[in-house]
Visitor: 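Mind having a look at this structure? Questions to follow.
Please read these numbers as outputs of a predicted model, since none were measured by experiment. Proteins get letters first, then strands, A, B, ... in listed order; numbering begins at 1 in each.
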Amino acid sequence: MSSAPVQSAEQDSVEMSYAEAIRDALDIALGEDERVVLMGEDIGVYGGAFQVTGDLVNKYGEDRVMDTPISELGGAGVAVGAAATGLRPIFEFQFSDFAMLAMEQICNQAAKMRYMLGGEVSVPVVMRFPAGSGTGAAAQHSQSLEAWFGHVPGLKVVQPATPYDAKGLILAALDDPDPVMIFEHKILYKQKGLVPKGRYTVPLHKAEIRRAGADITIVASSIMVHRSLEAAELLFDKGVSAEVIDLKSIRPIDKQTIIESVVKTNKLICVYEGVKTLGIGAEISALVAESAAFDYLDAPILRLGAADCPVPYNPELEKASVPQVENIYQQALALCRREL
Amino acid sequence: MSSAPVQSAEQDSVEMSYAEAIRDALDIALGEDERVVLMGEDIGVYGGAFQVTGDLVNKYGEDRVMDTPISELGGAGVAVGAAATGLRPIFEFQFSDFAMLAMEQICNQAAKMRYMLGGEVSVPVVMRFPAGSGTGAAAQHSQSLEAWFGHVPGLKVVQPATPYDAKGLILAALDDPDPVMIFEHKILYKQKGLVPKGRYTVPLHKAEIRRAGADITIVASSIMVHRSLEAAELLFDKGVSAEVIDLKSIRPIDKQTIIESVVKTNKLICVYEGVKTLGIGAEISALVAESAAFDYLDAPILRLGAADCPVPYNPELEKASVPQVENIYQQALALCRREL
Amino acid sequence: MMSKATDSRTNVPFAINAYTKEQLKEALRKMYLIRKFEEGAEDCYMRGLIHGTMHLSIGQEASAVGSCMALEESDQITSTHRGHAHCVAKGAEVSRMFAEFFGKETGYCKGRGGSMHIADVAKGNLGANGIVAGGIPIAVGAALTAKRLNTGKVVICFFGDGANNEGAFHESLNMAAVWKLPVVFVCENNQYGMSTSIERSTAVSQIATRAIAYDIPGFTVDGNDLSSVAEAVSEASSRAKSGKGPSLIECMTYRWRGHSKSDRNRYRTKEEIEDWKKKDPILRFGEVLKDHKVITDEEMKQLETDVDKEIVAAIEFAQSSPSPSLDEVTRDVYTEIDQ
Amino acid sequence: MMSKATDSRTNVPFAINAYTKEQLKEALRKMYLIRKFEEGAEDCYMRGLIHGTMHLSIGQEASAVGSCMALEESDQITSTHRGHAHCVAKGAEVSRMFAEFFGKETGYCKGRGGSMHIADVAKGNLGANGIVAGGIPIAVGAALTAKRLNTGKVVICFFGDGANNEGAFHESLNMAAVWKLPVVFVCENNQYGMSTSIERSTAVSQIATRAIAYDIPGFTVDGNDLSSVAEAVSEASSRAKSGKGPSLIECMTYRWRGHSKSDRNRYRTKEEIEDWKKKDPILRFGEVLKDHKVITDEEMKQLETDVDKEIVAAIEFAQSSPSPSLDEVTRDVYTEIDQ
Ligand SMILES: Cc1ncc(C[n+]2csc(CCOP(=O)(O)OP(=O)(O)O)c2C)c(N)n1
Ligand SMILES: Cc1ncc(C[n+]2csc(CCOP(=O)(O)OP(=O)(O)O)c2C)c(N)n1
Ligand SMILES: [Mg+2]
Ligand SMILES: [Mg+2]
């Protein structure tokens with residue numbers, strides 16, 4: 001179901017986790033290009049809070065895999081300045097929540113520098129944001145803030161859902177001359193999948209149909225792709241054929257893939273982990289509602305996002321605060337039966 | 001057209017500018033309650049970058065009208081801590097763009113503190129954000145970032161469009177036990193209007209129909225309310241009766257007022273100054289598309305927001321980057337004629 | 001910058017002179033209670049009864065208890081991700097702390113916060129914080145309230161060595177100094193921010209040096225010696241209450257456990273850890289109390305037994321407490337008001 | 001922290017010994033050019049030809065020119081909202097600067113940036129910045145590039161006294177110091193951040209004191225004396241290039257004009273302004289050059305006339321340049337690539 005790797009046959013693939021796939025991408029990048037440096041808190045000897053960088057510091061040394069002080073604003077800014085002058089920094093936020101400290105350097109500087117300077121400079125910085133809930137780490141360590149970044153011209157924003165895409169999107173981000181924000185999901189880090197050896201890229205601006213269907217379109221991102229695929233199985237048992245689209249890119253959003261699907265299924269539900277209000281589902285809904293696909297809609301456009309609260313600590317509450325398979329299934333079914 | 005003041009007859013109103021109306025509200029607040037303190041950069045002897053605080057420091061002294069160092073994160077955090085412990089701080093960002101430095105204290109702390117602490121504390125902080133383009137101050141001094149804040153549970157977010165609302169919303173924000181973010185528009189500061197003397201409040205969660213109409217609903221916020229009203233005049237000349245809703249509150253959004261209007265007019269266009277993608281129009285569109293009003297829609301839902309670029313310096317480019325009366329008029333007309 | 005003269009111990013330690021026997025015994029009890037609370041929490045975590053993560057301060061008890069000893073009950077603190085000790089030291093009940101860790105409605109945060117947000121506002125603990133240095137500006141804000149409303153309170157702001165490289169540290173200390181606010185900045189320097197040592201992250205070797213950048217007093221004390229901590233903090237607190245503004249106190253200490261539950265301890269040696277275990281602040285303070293005849297061996301045993309019982313009862317309370325209702329997931333986001 | 005010995009002037013000022021006559025004359029010419037450029041811009045603004053706002057550095061020319069004099073053309077700078085002087089000093093053409101202010105395609109930022117984002121990347125000016133302290137981490141990043149890629153470059157990071165209270169200042173200086181990066185932090189202390197004086201905003205009386213918090217050299221120099229600035233910066237820059245890390249140099253100076261075009265000047269007295277006008281850095285440096293027979297009165301006159309002509313021509317160039325096309329409002333947001 002995933003798009004064909006650029007340069008490798010099936011047998012050249014190995015099974016690895018999402019975290020390992022990212023590490024593989026970082027390893028390739030560090031090996032290929034001396035301008036690549038990794039920066040972040042505890043990414044060296046500790047191997048990263050989620051063991052994504054692992055032992056890379058042993059292979060490339062502390063000058064290439066740099067532990068920064070706990071200084072998110074300054075650290076991100078150093079990455080921005082380095083990118084603008086010739087390095088290819090990949091900056092890891094330990095948790096995406098801490099990016100709130102660095103919004104200025106990301107959104108006032110990196111995103112705008114090229115434009116403000118009339119195109120005279122590029123800022124090829126890559127930033128990685130471990131995001132999402134499910135770890136019991138509560139309100140300040142569990143957010144899904146990708147919608148904020150999607151609102152900012154000058155950035156590109158992606159959300160890989162599989163090991164394959166995680167690796168391919170990181171390498172594509174590195175090839176890209178502009179700032180790319182990668183929202184990874186903490187719960188996916190351990191998820192396994194087939195990943196081609198060596199270098200390949202996944203386009204930064206394309207969604208992908210993960211399951212073809214005729215009755216309803218489910219647009220999902222990150223971990224919600226998996227939950228939506230599970231829900232699609234349940235729906236199938238009820239005679240509902242759901243098409244599941246993995247959004248992948250938040251900025252730009254691949255309108256065409258979504259619209260073509262909706263023209264076919266006539267129904268749309270958006271599933272995402274960020275807070276529902278002003279989350280990415282709002283944009284997807286609005287994109288369709290303003291498009292020619294509007295006339296093909298047979299039912300309201302539904303959104304399933306996080307509840308209107310910070311992420312709670314209690315594990316049951318935490319689960320209740322974000323969409324689960326059952327919610328997706330129920331809502332999709334109700335939409336198809338127009339029982340809302 | 002504006003809602004009736006809580007406690008004052010017409011003759012008790014005076015004409016004043018939006019900036020003066022805000023100052024009036026601050027003056028009343030400082031006079032009524034010794035717990036109220038104003039904090040911000042250059043709000044004392046300088047009177048604020050936009051002369052909103054004016055001479056209040058002379059009346060209340062430097063302990064009540066506090067010039068802060070240029071430390072947005074710390075300053076906002078001090079306001080948050082003070083609010084949590086008994087003061088009623090009103091914090092002015094000199095430009096809303098600089099709030100990017102303080103997102104952590106606003107969105108990780110102020111917005112979540114009550115919830116994370118199980119309701120054991122309230123954070124009645126008011127923050128004021130001069131926003132918007134039109135001053136030739138370019139990309140880092142002209143943004144409209146209200147959508148970011150609207151995405152954050154725990155905050156309330158308003159955007160006054162008139163002197164009357166500016167004063168009434170500030171006083172309502174002060175009465176509110178939770179953090180309230182007020183997005184003011186720099187270009188509106190000089191706009192005049194009738195404002196009742198003394199204390200009154202405007203509800204923090206209600207939109208208002210500024211012009212009744214039958215053919216199309218225009219939901220607009222802040223300065224776009226005025227542009228939409230002008231566009232409605234032009235539409236009227238073409239035989240189109242537009243209903244113009246002043247959104248006022250971004251969080252929560254007054255769904256009911258919008259939906260009732262759309263049920264009546266069957267057409268919706270959202271006009272806002274923030275970047276179109278993932279801006280407040282996305283949420284309004286999605287709210288309607290998921291509601292019972294969906295079945296009443298006769299045409300796609302349109303959004304008019306800022307172009308996909310940082311705000312440019314050149315005045316003509318700057319204008320071209322955000323919706324103007326002509327754009328609203330043209331798009332609304334096209335929508336009514338379904339000529340899209 | 002400079003070490004407190006206390007360390008030279010001309011004769012009796014400060015604490016022995018400054019506090020009553022009851023207070024001193026209570027301080028020792030609190031250190032025990034913190035230790036046992038954290039060991040109990042760790043055990044529950046290992047057994048899968050508590051989820052999420054937690055940051056244990058085992059080995060650092062003296063800085064929490066010594067600091068809070070210098071405070072009145074009405075004084076306030078802000079705490080950190082490694083905040084259990086601060087919470088107990090400021091007077092919280094371990095039963096409600098456990099209940100929080102178990103995610104229960106009876107917990108201090110009604111199960112919404114967990115370890116990283118543990119608080120006890122009634123006792124003046126404005127909360128742990130998931131954001132490194134996140135509590136520093138908040139402490140300064142609380143001190144502003146104290147000054148403006150003339151409450152006479154002082155605020156202790158706890159933070160780690162790693163936090164001192166955050167911009168919030170700098171901005172906050174500057175404002176507190178310029179406005180002469182009643183706040184005491186207590187840096188618990190356990191020499192690592194997660195895996196990153198002071199030498200690799202911080203341009204000065206003693207964090208107290210940074211006091212010079214704000215023209216405020218800065219002291220480095222032995223953070224495993226309760227009396228030294230109490231002395232420095234009570235001096236700083238008196239200074240603050242008399243309107244002379246903030247101080248920065250650096251408590252040199254060490255955490256025995258990993259940073260959090262996912263630490264493989266690759267960045268420090270077994271020897272270093274073992275060395276520091278020999279400097280156990282609880283044993284040390286116990287010895288001092290015995291030396292000065294404040295407590296007997298039997299009394300100490302009794303104290304320990306009582307604490308053990310308290311912990312068992314607290315865990316039972318937590319386990320048997322009701323869980324939050326799933327319908328109430330959005331409760332307490334906003335204050336309920338009649339519109 | 002300490003004043004440079006330069007001020008005692010045992011005999012000849014540093015600059016006279018360190019630079020050729022041509023270089024010295026060029027420095028004087030640049031100061032003139034900056035002054036005239038800003039007066040010209042101010043005039044155009046008053047006449048409604050330039051919109052937006054601008055921050056003039058009239059009176060502060062020595063710190064910009066003295067600092068950049070110590071650099072090679074390939075070295076880099078980051079600048080501030082008050083950045084015209086830095087831009088000219090680093091070698092920009094005033095014609096393209098005016099074109100930018102007039103919002104033209106021929107401007108350095110193609111009319112997208114204006115005064116607050118003026119830059120000349122080719123000459124090593126990475127840009128003014130609308131965000132106070134926004135350029136500080138960027139400068140450290142540029143220095144990281146220099147170190148990792150062994151380019152031998154040094155980076156000067158300009159910022160104001162007000163900026164030193166931003167968290168970005170603290171975080172950046174710490175990182176630059178820990179990593180020993182080739183960057184020189186030049187604080188142009190004109191004693192006010194907008195309306196707020198150092199005393200009311202900053203806990204230390206000299207910003208160079210804060211160097212202690214990063215264990216780096218810190219010096220306060222007379223910022224209106226070009227030679228003192230050049231001496232301090234060239235020393236710091238050599239130090240940086242030799243791998244010894246950053247320095248913090250504080251240039252004491254003053255802006256003659258208001259903060260921006262909306263300033264009512266309520267926070268300082270006429271007398272203070274007049275006093276500082278007597279310390280005009282251009283006149284001072286002109287006198288030094290005459291004293292040391294580097295330039296004659298006639299040459300100086302000629303220089304001034306030439307500059308005046310250059311300004312007139314530059315404004316003409318700007319006015320007659322094409323405006324951006326409205327269709328291209330989203331051009332240069334992203335790099336154009338073939339997908
Ligand atoms: C802003 C922010 N950055 C990073 C983290 C992740 N983190 C949690 S604790 C910690 C180390 C903190 O070190 P220190 O301040 O010395 O406290 P200690 O853990 O040693 O008690 C880090 C990096 C965080 N929670 N918040
Ligand atoms: C982050 C941020 N806060 C506030 C401002 C508004 N502002 C622009 S310049 C300025 C004063 C800066 O003072 P200083 O650093 O001393 O530079 P100077 O203007 O004196 O050259 C302020 C407050 C800003 N542009 N950016
Ligand atoms: Mg530490
Ligand atoms: Mg200044």
Visitor: Can you tell whether the side chains of C:Glu105 and C:Lys110 come within less than 4.0 Å, N to carboxylate O?
Guide: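 Salt bridge flag = no for C:Lys110 with C:Glu105.
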
Visitor: Relative to chain C, which of A:Pro315, A:Ala139, A:Ala49, A:Gly134 shows the most heavy atom pairs under 4.5 Å?
Guide: A:Pro315

Visitor: Give a yes or no on whether C:Gln319 atom CD has more than 12 heavy-atom contacts from other residues, nucleotides or ligands under 6.0 Å away.
Guide: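 It does: C:Gln319 CD has more than 12 such atoms within range.
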
Visitor: Looking at C:Gly193, C:Ser201, C:Gly130, C:Cys109, which has the largest count of heavy-atom pairs under 4.5 Å with chain A?
Guide: C:Gly130

Visitor: C:Ala133, C:Pro324, C:Ser325, C:Gly167: which one forms the most heavy-atom pairs within less than 4.5 Å of chain A?
Guide: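 With the most close heavy-atom pairs to chain A, the winner is C:Pro324.
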
Visitor: What part of C:Met194 gets closer than 4.5 Å to chain A, counting heavy atoms only: side chain, backbone, both or neither?
Guide: both

Visitor: Counting N and O atoms only, with roles assigned by atom type, does the side chain of C:Ser57 sit under 3.5 Å from a partner on the main chain of C:Gln60, one being a donor and the other an acceptor?
Guide: no

Visitor: Considering only heavy atoms, which portion of A:Phe98 lies under 4.5 Å from any heavy atom of chain C: side chain, backbone, both, or neither?
Guide: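 The side chain, not the backbone.
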
Visitor: Looking only at side chains, do C:His84 and C:Ser115 share a donor and an acceptor under 3.5 Å apart?
Guide: yes

Visitor: Say whether, by atom type as modelled, one donor and one acceptor occur between the side chain of A:Asn314 and the main chain of C:Arg112 under 3.5 angstrom.
Guide: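 Flag not set: sc A:Asn314 to bb C:Arg112 has no pair under 3.5 Å.
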
Visitor: Need one label for C:Val329: side chain, backbone, both or neither, based on atoms under 4.5 Å from any heavy atom in chain A.
Guide: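 For C:Val329, backbone and side chain are both near chain A.
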
Visitor: Is the NZ atom of C:Lys123 crowded by more than 12 outside heavy atoms at less than 6.0 Å?
Guide: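 Yes, NZ of C:Lys123 has more than 12 neighbouring heavy atoms, counting only those of other groups under 6.0 Å.
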
Visitor: Go through A:Gly75, A:Ala137, A:Pro69 and name the one with the most non-hydrogen pairs under 4.5 angstrom from chain C.
Guide: A:Pro69

Visitor: Looking at chain A, which one of C:Asp263, C:Ile50, C:Asn164 has the largest number of heavy-atom pairs inside 4.5 Å, strictly under?
Guide: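 Maximum pair count with chain A is reached by C:Asp263.
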
Visitor: Could you look at A:Glu72 and say if it's the side chain, the backbone, both or neither that has a heavy atom under 4.5 Å from chain C?
Guide: both

Visitor: Under 3.5 Å, is there a donor on one side chain and an acceptor on the other for A:Asp27 and A:Tyr60?
Guide: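 A:Tyr60 and A:Asp27 do have a side-chain donor-acceptor pair below 3.5 Å.
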
Visitor: Looking at A:Gln51, A:Lys319, A:Glu318, which has the largest count of heavy-atom pairs under 4.5 Å with chain C?
Guide: A:Gln51

Visitor: Can A:Glu316 and C:Ser323 be counted as having a side-chain donor-acceptor contact under 3.5 angstrom?
Guide: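 No, C:Ser323 and A:Glu316 have no side-chain donor paired with an acceptor closer than 3.5 Å.
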
Visitor: So which residue, C:Arg331, C:His117, C:Lys104, ends up with the most heavy-atom pairs under 4.5 Å with chain A?
Guide: C:His117

Visitor: Side chain from CB out, backbone as N, CA, C, O: work out which of these in C:Asn129 comes under 4.5 Å of a heavy atom of chain A, or both, or neither.
Guide: both

Visitor: Quick one: of A:Pro312, A:Ala138, A:Ser71, who has the most non-hydrogen atom pairs under 4.5 Å with chain C?
Guide: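 Most heavy-atom pairs within the cutoff with chain C belong to A:Ser71.
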
Visitor: If only side-chain N and O atoms count, and only distance matters, is there a donor-acceptor pair under 3.5 Å linking C:Tyr254 with C:Glu272?
Guide: yes

Visitor: Less than 4.5 Å to any heavy atom of chain C: does that hold for the side chain of A:Leu73, its backbone, both, or neither?
Guide: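 Looking at A:Leu73, nothing touches chain C.
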
Visitor: Who wins among C:His259, C:Glu100, C:Glu328 for the most heavy-atom pairs under 4.5 Å with chain A?
Guide: C:Glu100

Visitor: Is A:Thr135 close to chain C through its backbone or its side chain, or both, or neither, when contacts mean heavy atoms under 4.5 Å?
Guide: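 Just its backbone gets close to chain C.
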
Visitor: Could you tell me whether the side chains of A:Gln94 and A:Asp42 share a donor-acceptor contact shorter than 3.5 Å?
Guide: yes

